[in-house]
Amino acid sequence: MNDNELLAELLLPDIDKTPDYYENLFPTRNLGEGARVTRVAPSPTGYLHLGTLFTALVNRIAATTTSGVFFTRIEDTDKKREVEGGIENIIDGLNRFGITIDEGFISGSEETGIYGPYQQSKRAEIYQTYVKDLIKKGFAYPCFCTAEDLEAVRKVQEENKIRTGYHGEYAKHRNITYNEAKSLIESGKPFVIRLKSQGSEENKVIFEDMIKGKIEMPQNDEDFVLLKSDGIPTYHFAHAIDDHLMHTTHVMRGDEWISSTPKHIELFKLLGFKVPKYAHISPIMKLDNGAKRKISKRKDPEAAVHFFIEEGYEAISVIEYLMTIAASDFEDWRRANPDTDYKDFKFNFKKMSVSGALFDQNKLNDISKIKISKLNSSEFYQRVCSWAKEFNPSFYEILVKNPDYSKSVFAIDRDNADKPRKDIAKWNEVEDFYSYMFEELYKSEFELPENIQKSDAKAFLEKYSAVYDPNDDRRAWFDKIKEIAPELGFAADTKEYKANPENFKGSAGDLSTVLRLSITSRKNTPDLCSIMQVLGKEECFKRIENTIKVL
RNA sequence: GGCCCGGUGGUCAAGUGGCCUAAGACACCGCCCUUUCACGGCGGUAACACGAGUUCGAAUCUCGUCCGGGUCACCA
């Protein structure tokens with residue numbers, strides 16, 4: 001055995017497998033030509049983040065359009081940041097948003113696929129096997145520096161305006177001998193394993209990013225950490241090993257990774273792996289005091305995808321909004337194919353935005369309104385119930401008390417309407433929007449518009465209740481108002497009124513406003529005729545009589 | 001600060017040297033439709049960061065400046 005081999009045995013005595021073992025264990029995938037293998041690899045550090053959802057969606061759709069595979073992998077190599085139930089939060093979140101997972105973690109506790117385990121903390125032996133091999137080949141070595149040692153070096157570098165980091169002459173243990181290592185280990189000093197970088201700052205690495213195009217950077221020359229002192233790998237090393245063994249073809253991740261890509265490329269090459277294609281996704285930004293910045297977990301409630309669920313956005317609305325950000329041709333496609341499943345959209349890297357998009361709630365709302373406007377009353381009822389059950393129990397009680405009635409409320413201007421209402425963007429708007437339709441929520445409280453005299457309003461309401469017939473259709477309903485109008489000095493016809501406003505107190509439209517206020521206490525509502533039919537004659541008369549009394 | 005990436009209306013964006021007098025969508029404003037609102041229809045305000053070059057011709061190519069973002073860990 002030479003010194004490197006002795007060192008490898010000294011450092012990782014329990015590792016008895018070789019890389020070949022794993023190469024054979026995880027054979028190439030049998031997929032069609034051009035099929036992309038993508039993945040999302042979240043850390044279980046909390047709830048599902050908007051950016052993670054976005055990344056997952058893009059990876060998912062990129063795989064789908066080539067009949068490829070999309071898998072999940074849990075990057076739990078930092079136990080300090082790990083959160084109880086983190087895996088569940090994230091995977092359940094993805095499921096909730098309809099991101100189908102072919103392989104890896106498909107729920108908080110279930111894994112499928114033959115390339116596992118899909119959790120890095122369970123792969124320690126695999127990483128160590130490869131590290132051991134690297135040490136044998138002289139491409140890795142132990143480093144015994146403490147945090148303080150490293151900090152001291154950094155200070156010196158900063159003072160001398162030298163690029164900080166563990167590289168070149170600052171890589172203290174780069175040429176450590178077997179005997180030195182042996183005595184340090186025997187004295188119980190903890191150590192990490194570092195890469196013995198073969199790169200030089202003088203040379204360039206060039207790679208073709210699928211989204212950003214050609215990127216040219218100095219080669220990595222840093223002897224970065226491969227294995228932490230607890231024997232668990234860093235992200236960089238785990239990425240190289242896992243994506244190779246799992247045969248990922250396209251690594252699509254946040255663009256904060258661009259700057260470490262030279263590290264990854266060096267690793268892949270040194271390990272003898274094929275370098276995957278990289279696609280660096282721009283983050284979703286937010287406007288904060290006039291400045292653009294990445295949406296932050298800490299500061300922004302909408303960073304947690306759960307926020308949208310609580311607000312009552314349909315998962316599909318959020319997804320389609322994200323699709324418009326992900327692919328600039330998605331909106332055009334959606335217009336041409338209004339009812340096709342978004343999963344049938346053909347994703348193309350060239351149509352991905354190079355710079356980060358500002359999160360636009362207006363746009364989300366518009367997309368969401370369109371989605372909801374396509375629902376019929378039963379679907380609407382069913383969805384608003386499932387939302388309310390979880391987030392607004394008191395409203396839920398009201399809704400389910402009389403399902404048929406609730407549905408008839410939502411059917412107004414919706415079922416059989418050629419222009420269905422496009423007014424609700426999220427379910428938490430429903431209670432307030434329809435409050436006057438529910439006894440438990442309705443409060444009679446309004447002011448007459450200034451141009452209407454109380455006496456006229458009263459007279460109108462009295463005359464109207466004498467002729468109201470719930471069986472009247474919209475036309476007949478309004479005709480009756482028009483008939484009463486001239487008797488009170490109002491124009492029956494709006495045009496007539498507009499032509500000579502001085503001749504009238506107002507128009508039939510103003511009178512319908514009086515009725516609307518009396519019935520709903522609102523100036524604006526969906527079709528009043530339908531509202532009255534749904535409310536029922538008895539309730540309507542109760543409200544009208546009450547109005548007459550207080551006027 | 002070093003290294004990367006980016007910069008077209010308020011937002012998302014089309015644009016690959018002449019079809020640009022710069023598309024479309026969201027938002028905003030106006031008009032029409034109309035029992036109100038919403039929808040819908042029609043119209044409007046509003047942009048190539050700046051400066052040099054290359055070229056007959058530049059949003060598009062080059063360089064510089066400025067601005068924004070990312071990154072420089074035993075975090076991912």
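None of these values were measured; they are calculated from a predicted model. To find a chain, count down the sequence lines: A is the first, B the second, and so on, and within it residues start at 1.
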What is the nucleic acid contact for A:Ala357, judged by heavy atoms within less than 4.0 Å: base, sugar-phosphate only, or nothing?
sugar-phosphate
A:Pro526 near the nucleic acid: base, sugar-phosphate alone, or nothing, with a heavy-atom cut-off under 4.0 Å?
base
Atom P, compared across B:G43 and B:G64: separation rounded to whole Å
45 Å
Scan A:Thr525 against the nucleic acid and name what it touches under 4.0 Å (heavy atoms): base, sugar-phosphate only, or nothing.
base
Check every strand shown and say whether A:Arg335 touches a base, only sugar-phosphate, or nothing at a heavy-atom separation below 4.0 Å.
sugar-phosphate
Whole angstrom is fine here: how far is it from CZ in A:Phe478 over to C1' in B:U36?
10 Å
For nucleotides B:C72 and B:G30, find the distance between their P atoms and express it as a whole number of Å.
50 Å
Any strand counts, and the cut-off is 3.5 Å on both contacts for Watson-Crick or G-U wobble. Which nucleotide pairs with B:C50?
B:G64
Who does B:C39 pair with, Watson-Crick or G-U, both distances under 3.5 Å?
none
Nucleotide opposite B:C33 in a Watson-Crick or G-U pair, distances under 3.5 Å:
none
Would you confirm whether the ring centroid of A:Phe410 sits within less than 6.0 angstrom of the ring centroid of A:Phe380?
yes
Distance check needed: B:U35 C1' versus A:Phe490 CZ, whole Å only.
14 Å
Using the P atom in both, what is the distance from B:U65 to B:A46, to the nearest Å?
34 Å
Which is true for A:Cys145 with a 4.0 Å heavy-atom rule: it touches a base, it touches only sugar-phosphate, or it touches nothing?
base
Separation of B:G24 atom P from A:Asp332 atom CG, nearest Å, is 11 Å
Looking across every strand, which nucleic acid part, if any, lies under 4.0 Å from A:Thr77 by heavy atom: base, sugar-phosphate, or nothing?
sugar-phosphate
Could you tell me whether the side chain of A:Ser229 has a donor or acceptor atom within less than 3.5 Å of a complementary atom in the base of B:C74?
yes
Does A:Lys350 reach a base, just sugar-phosphate, or nothing at all? Heavy atoms under 4.0 Å.
nothing
Scan A:Lys363 against the nucleic acid and name what it touches under 4.0 Å (heavy atoms): base, sugar-phosphate only, or nothing.
base
d(NZ, A:Lys294; P, B:G69) in whole Å
12 Å
Are A:Phe308 and A:Phe359 an aromatic pair, judged by ring center distance below 6.0 Å?
yes
Base, sugar-phosphate alone, or nothing: which one does A:Val225 contact when heavy atoms must sit under 4.0 Å apart?
sugar-phosphate
Upstream residue (5' side of RNA chain B) when A:Tyr321 and A:Thr164 are each assigned their closest nucleotide:
A:Tyr321
Atom CG of A:Asp527 and atom P of B:U36 are separated, to the nearest Å, by 11 Å
Would you mind pulling out the nucleotide paired to B:G1, Watson-Crick or G-U wobble, both distances under 3.5 Å?
B:C72
With a 6.0 Å cut-off on the ring centroids, do A:His236 and A:Phe224 count as close?
yes
Can the ring centroids of A:Phe144 and A:Phe191 be said to lie less than 6.0 angstrom from one another?
yes
Let's test this: given Watson-Crick or G-U wobble pairing with both distances under 3.5 Å, identify the partner of B:G18.
B:C56
Using purine N1 to pyrimidine N3 plus N6-O4 or O6-N4 for Watson-Crick, or N1-O2 and O6-N3 for G-U wobble, each under 3.5 Å, what pairs with B:C28?
B:G44
For A:Lys480, does the NZ atom have more than 12 heavy-atom neighbours from other residues, nucleotides or ligands under 6.0 Å away?
yes
For A:Arg163, which contact category applies under a 4.0 Å heavy-atom criterion: base, sugar-phosphate, or nothing?
nothing
Rounded C1' spacing from B:G1 to B:G44 in Å
48 Å
Base, sugar-phosphate alone, or nothing: which one does A:Thr261 contact when heavy atoms must sit under 4.0 Å apart?
nothing
Using 0.5 Å steps for rounding, measure from the NZ atom of A:Lys294 to the CD1 atom of A:Ile284.
11.0 Å
Mind checking if A:Glu158 touches a base, just sugar-phosphate, or nothing, with heavy atoms under 4.0 Å?
nothing
Tell me whether the centres of the aromatic rings in A:His264 and A:Tyr235 are closer together than 6.0 Å.
yes
Of A:Arg293 and A:Lys214, the one whose closest nucleotide on RNA chain B sits nearer the 5' end is A:Lys214
With rounding to whole Å, what would you report as the distance between B:G57 and B:G24 at their C1' atoms?
27 Å
Identify whether any heavy atom of A:Lys422 sits under 4.0 Å from a base atom; if not, whether one sits that close to sugar-phosphate; answer base, sugar-phosphate or nothing.
sugar-phosphate
What interatomic distance, in whole Å, is found between P of B:G69 and the corresponding atom of B:A52?
28 Å
Distance between the C1' atoms of B:C19 and B:U60, in whole angstroms?
14 Å
Does any donor-acceptor pair link the side chain of A:Arg474 with the base of B:U35 at a separation under 3.5 Å?
no
Candidate pair A:Lys79 and A:Glu82, rule salt bridge (charged side-chain N to carboxylate O under 4.0 Å, His left out), full reasoning
CA-CA 5 Å; A:Lys79 39 192 194 330; A:Glu82 201 167 327; over 6 Å; no
Using the P atom as the point on both nucleotides, what is the distance between B:A14 and B:A76, in whole Å?
35 Å
